[in-house]
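Order of the sequence lines sets the chain letters (A, B, ...), proteins ahead of strands, with each chain counted from 1.
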Amino acid sequence: MSKTLFLGDEAVAQAALDAGLSGVYAYPGTPSTEITEFIQNSKQGKEGQVHSIWAGNEKTAMESAIGMSYAGKRAMVCMKHVGLNVAADPFMNSSITGANGGLVVVVADDPSMHSSQDEQDSRYYAKFALIPSFEPSNQQEAYDITYAAFDYSEKYRTPVLIRLTTRLSHSRAGVERREARPQNPLHIEENPKQFILLPANARVHYRTLLGKQDAFEEESVNSPFNKYIDGADKKFGIIASGIAYNYLMENFEGHKCPYPVLKIAQYPVPSKLVAKMVDECETVLVAEEGYPFIEEQVRGLLNRTGNIIGRLSGALPRDGELNPNLVAKALGLPDTYGAPVPELVVPRPPALCVGCPHIDSYLAINEAMAEYGAGKVFADIGCYTLGALPPYKAIYTTVDMGASITMAKGAADAGLRPVMAVIGDSTFTHSGMTSLLDCIYENTPVTVMILDNSTTGMTGGQDSHALGVLGEICKGLGVKEEHIHRITPLKPHHAENVALIKKELEYEGVSVIIPTRECIQTLSRRMKKQQAAKK
Amino acid sequence: MKIDIILAGVGGQGILSIATIVGYAAVKRGMYMKQAEVHGMSQRGGDVQSHFRLSDQEIASDLIPMGKADMIISVEPMESLRYLPWLNPETGWLITNDQPFINIPNYPDTEKLSEELGKLKNKVVINADQIAKDLGSARSANMVILGAASPYLGIPFEEIEAAVRETFARKGDDVVNTNIACLRAGKEFAEKL
């Protein structure tokens with residue numbers, strides 16, 4: 001079969017379709033978004049009526065996938081690393097219920113924080129949940145692993161996790177496909193106690209899960225994705241996981257490493273293979289993208305042997321992505337460098353687009369807040385986080401999806417006045433609604449600005465669950481109608497917008513102001529499409 | 001044969017279409033390809049780059065080692081300089097548009113920028129915007145740049161032309177022809193140097 005060029009994300013998506021996927025559940029998040037988008041746009045997905053509509057957040061996505069697995073069909077959940085924090089509750093408990101239809105959780109980590117607020121490593125979550133995980137090193141492996149992961153999940157009746165990192169998610173290469181397998185028929189879980197996690201049942205299921213651990217490790221030892229490649233020179237042994245394996249091999253002519261290499265792409269860590277390496281080699285370098293997950297386990301608390309090096313020992317940097325040069329230096333190979341960056345080159349940080357509605361919102365917010373001094377605007381995750389940068393410098397916090405409203409509440413509880421929350425429409429329906437409910441319940445004096453650009457902007461313009469219903473949601477939650485306002489963030493409305501915001505800032509209760517204007521990116525895309533249709 | 005390219009520009013300038021075209025031509029020749037892109041936050045007017053690798057052997061790393069790139073292809077002059085640490089200081093070529101994209105208040109003095117570019121040994125600095133405009137499509141400046149890079153790519157020009165035709169085919173003959181004209185104009189410019 002000929003090769004197709006796929007992003008790592010797309011390889012996962014295509015493999016899931018070929019493995020008989022019946023539904024993907026996800027909330028957009030860089031670098032995971034393209035998995036679901038690929039399935040949404042896929043002819044094969046449409047013909048097979050594979051569910052692919054965006055979920056409200058990662059928790060609802062995970063729960064829907066567990067439901068589909070319960071019904072016997074193959075389900076996949078996709079998210080970025082911090083999304084797994086949101087989905088942590090159903091994720092952790094899915095390891096106790098186990099899976100009926102194949103259940104695959106794909107999490108894309110973002111080391112170096114290209115588009116994220118931390119670089120947490122999802123392999124810890126898989127270990128925490130006591131389930132197997134995979135970490136493909138290239139696009140072909142992303143395909144093969146995803147294809148195999150559904151079988152693994154059904155064989156052991158367990159959810160499995162696939163961990164991607166930014167460079168694999170967003171790097172393209174040729175991939176060979178396999179034959180497509182039909183979807184599973186509906187087949188409800190036969191054990192009536194399996195998905196009821198009453199303590200009496202859960203204790204039994206938990207012991208079952210513990211009982212599978214040895215088999216999981218045996219699978220890792222014998223996995224085609226883990227390889228022990230012997231080398232004559234035992235001065236070093238190298239454990240390289242995921243994409244770090246590529247950076248290692250880049251340093252050797254013809255990709256032939258003189259030292260033994262243990263390539264890991266499947267967990268739990270195959271300890272038998274690790275033991276062989278530690279016994280035979282003078283020094284063992286652990287090269288892994290993200291946290292020192294393997295290194296920590298191999299070293300142990302006491303690091304008695306002292307010959308395990310990596311991110312913890314300082315041989316590799318403790319944070320950020322790896323690259324071929326960093327791995328070369330760790331092995332004492334010569335470093336390479338071009339010319340230094342000329343001094344006149346200055347950073348070019350991302351910025352709000354020309355014509356972005358958030359610009360008008362921030363100009364109004366800044367003018368309305370000017371008399372109250374700095375530090376009173378709590379913001380959230382999305383394009384509008386760029387309001388932190390000059391020339392706006394309008395916001396003071398960004399922590400996690402939905403935190404703007406509840407952090408503003410906490411600050412108001414502490415006595416800060418007036419406080420404002422700034423949150424996007426999609427982020428609001430993701431995790432802001434319960435935060436608002438907390439404020440309403442206590443009648444907290446807070447002015448909530450829901451910037452409604454009718455899309456999920458930062459990730460490229462996915463549909464927002466909030467479309468057209470924000471006012472209704474706020475009213476339904478209990479915000480008083482006279483304190484819910486829709487405004488138009490455009491220059492001609494600036495003065496009236498400022499006046500309205502000022503008025504609501506003085507109100508000792510919950511106000512919601514919804515500046516409403518479509519994202520300039522989705523708007524221009526729509527216009528182009530319309531023009532093309534006219535032609 | 002192996003060629004490693006850093007593609008550079010500002011989010012929204014369309015550096016990825018250059019990669020799509022060269023990638024198409026390379027894969028058609030049966031070459032291996034890896035291309036690491038930047039998605040997400042930086043695409044909002046920030047600096048963006050793509051590591052683009054072609055080889056007749058299997059490629060290991062998605063990222064090009066520093067000092068090893070054969071070429072920087074940039075649609076913006078300051079952005080072209082940002083990636084000098086990756087360019088092979090002896091044999092590497094820098095091909096860039098000379099028209100600045102100024103969306104930051106502290107953009108460097110453009111004369112000093114040209115001086116800096118002038119210091120480089122192997123370079124093609126081209127006013128791609130003007131050439132594209134003269135040919136009737138200001139938006140095709142990236143095809144001028146690709147044309148200017150084409151003599152150094154090690155892929156026959158006809159194959160790159162065919163890839164351009166293929167890439168723009170669904171947009172109609174006019175678009176195809178303008179892009180081909182831009183591609184050829186860039187090539188002629190580079191060959192005259």
Side-chain angles (χ1 to χ4, degrees), chain A residues 3 5 7-8 30-31 33-34 110 114-116 138-139 166-174 243 245-252 254-255 321 323-325 328 335-342 344-354 356 383 385-386 390-391 457-460 532 535, chain B residues 10-12 19-20 23-24 27 32-48 51-53 57-69 76 78-79 81-89 92 101 103-109 112-113 115-116 119-120 171-172:
Chain A
K3 287 187 178 181
L5 281 178
L7 291 175
T30 312
T33 313
E34 293 81 358
D110 189 20
H114 296 278
S115 277
S116 308
N138 59 41
Q139 292 75 359
T166 310
R167 290 295 171 190
L168 180 61
S169 287
H170 290 165
S171 177
R172 215 177 280 279
I243 205 160
Y245 176 76
N246 303 348
Y247 300 149
L248 171 71
M249 288 308 174
E250 181 69 27
N251 285 294
F252 301 104
H255 307 154
E321 285 182 295
N323 60 46
N325 293 80
D335 194 11
T336 53
Y337 198 76
V341 183
L344 58 75
V345 175
V346 290
R348 194 191 299 258
L352 293 172
C353 306
V354 175
C356 172
C383 283
T385 313
L386 297 171
M458 183 60 97
T459 47
K535 276 181 193 168
Chain B
V10 179
T20 307
Y24 182 87
V27 170
Y32 290 93
M33 177 193 135
K34 273 200 176 179
Q35 186 203 342
E37 302 169 2
V38 173
H39 295 203
M41 198 175 222
S42 309
Q43 284 180 302
R44 302 277 163 267
D47 57 271
V48 291
H51 289 234
F52 184 47
R53 315 191 71 185
Q57 309 283 320
E58 211 159 329
I59 301 162
S61 169
D62 299 77
L63 296 177
I64 301 167
M66 293 179 118
K68 297 272 184 81
E76 209 279 343
M78 181 179 82
E79 293 308 323
L81 295 171
R82 194 185 299 283
Y83 304 100
L84 284 183
W86 275 268
L87 190 64
N88 187 313
F101 184 89
N103 64 344
I104 45 171
N106 56 339
Y107 194 90
D109 181 79
K112 284 189 183 144
L113 198 58
E115 265 173 48
E116 216 39 76
K119 288 183 199 164
L120 298 164
K171 294 192 176 169

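Contacts of A:P31 with chain B are absent, with no heavy-atom separation under 4.5 Å from either backbone or side chain. With a 4.5 Å cut-off on non-hydrogen atoms, B:L120 does not touch chain A at all. Proximity to chain B is absent for every atom of A:E321, based on heavy atoms less than 4.5 angstrom apart. Heavy-atom distances place both the backbone and the side chain of B:N103 under 4.5 Å from chain A. Residue contact with chain A, scored on non-hydrogen atoms closer than 4.5 Å, is absent for B:Y83. Heavy-atom distances place the side chain of A:I243, and not its backbone, under 4.5 Å from chain B. Proximity to chain A involves both the backbone and the side chain of B:N106, based on heavy atoms less than 4.5 angstrom apart. No part of A:L168 comes within reach of chain B, as not one of its non-hydrogen atoms sits under 4.5 angstrom from that chain. Residue contact with chain B, scored on non-hydrogen atoms closer than 4.5 Å, involves the side chain of A:L5 exclusively. Residue B:E115: no heavy atom, backbone or side chain, is found under 4.5 Å from chain A.
The nearest pair of heavy atoms linking B:L63 to A:Y247 is CD1-OH, 3.4 Å. For the pair A:V345 and B:R82, the tightest heavy-atom approach, listed with the atom from each and the gap, is CG1-NH1, 3.8 Å. The shortest non-hydrogen separation linking B:I104 to A:R348 is CG2-CG, 4.0 Å. Taking every heavy atom of both residues into account, B:I59 and A:H255 meet most closely at C-CE1, 4.1 Å.
The CE atom of B:M33 sits 12.5 Å away from the NZ atom of A:K3 when rounded to the nearest 0.5 Å. A distance of 11.5 Å separates CD of B:E37 from OG of A:S169, quoted to the nearest 0.5 Å.
Using modelled atom types, one side-chain atom of A:N325 and one backbone atom of B:M66 make a donor-acceptor pair closer than 3.5 Å. Side chain of B:S61 to backbone of A:N246: no donor-acceptor contact under 3.5 angstrom is found.
Contact count versus chain A (heavy atoms, under 4.5 Å) is highest, among B:K171, B:R53, B:Q57, for B:R53. Heavy-atom pairs under 4.5 Å with chain A were tallied for B:G172, B:P89, B:P108; the largest tally goes to B:P108. Here B:F101 is the residue among B:F101, B:F52, B:W86 with the most heavy-atom pairs under 4.5 Å with chain A.
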Candidate pair B:E58 and A:M249, rule side-chain contact (heavy atoms from CB on, under 4.5 Å), full reasoning: CA-CA 11 Å; B:E58 211 159 329; A:M249 288 308 174; over 6 Å; no
Could you go step by step and tell me if A:N138 and B:K34 meet the side-chain contact (heavy atoms from CB on, under 4.5 Å) rule? CA-CA 10 Å; A:N138 59 41; B:K34 273 200 176 179; 4.1 Å; yes
Salt bridge (charged side-chain N to carboxylate O under 4.0 Å, His left out) between A:E250 and B:K68, worked out: CA-CA 11 Å; A:E250 181 69 27; B:K68 297 272 184 81; over 6 Å; no
Let me see the working for A:V346 and B:M78 under side-chain contact (heavy atoms from CB on, under 4.5 Å), right down to the final yes or no. CA-CA 8 Å; A:V346 290; B:M78 181 179 82; 3.9 Å; yes
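By the side chain to side chain donor-acceptor pair (under 3.5 Å) test, A:Y337 pairs with no residue at all, sequence neighbours left out.
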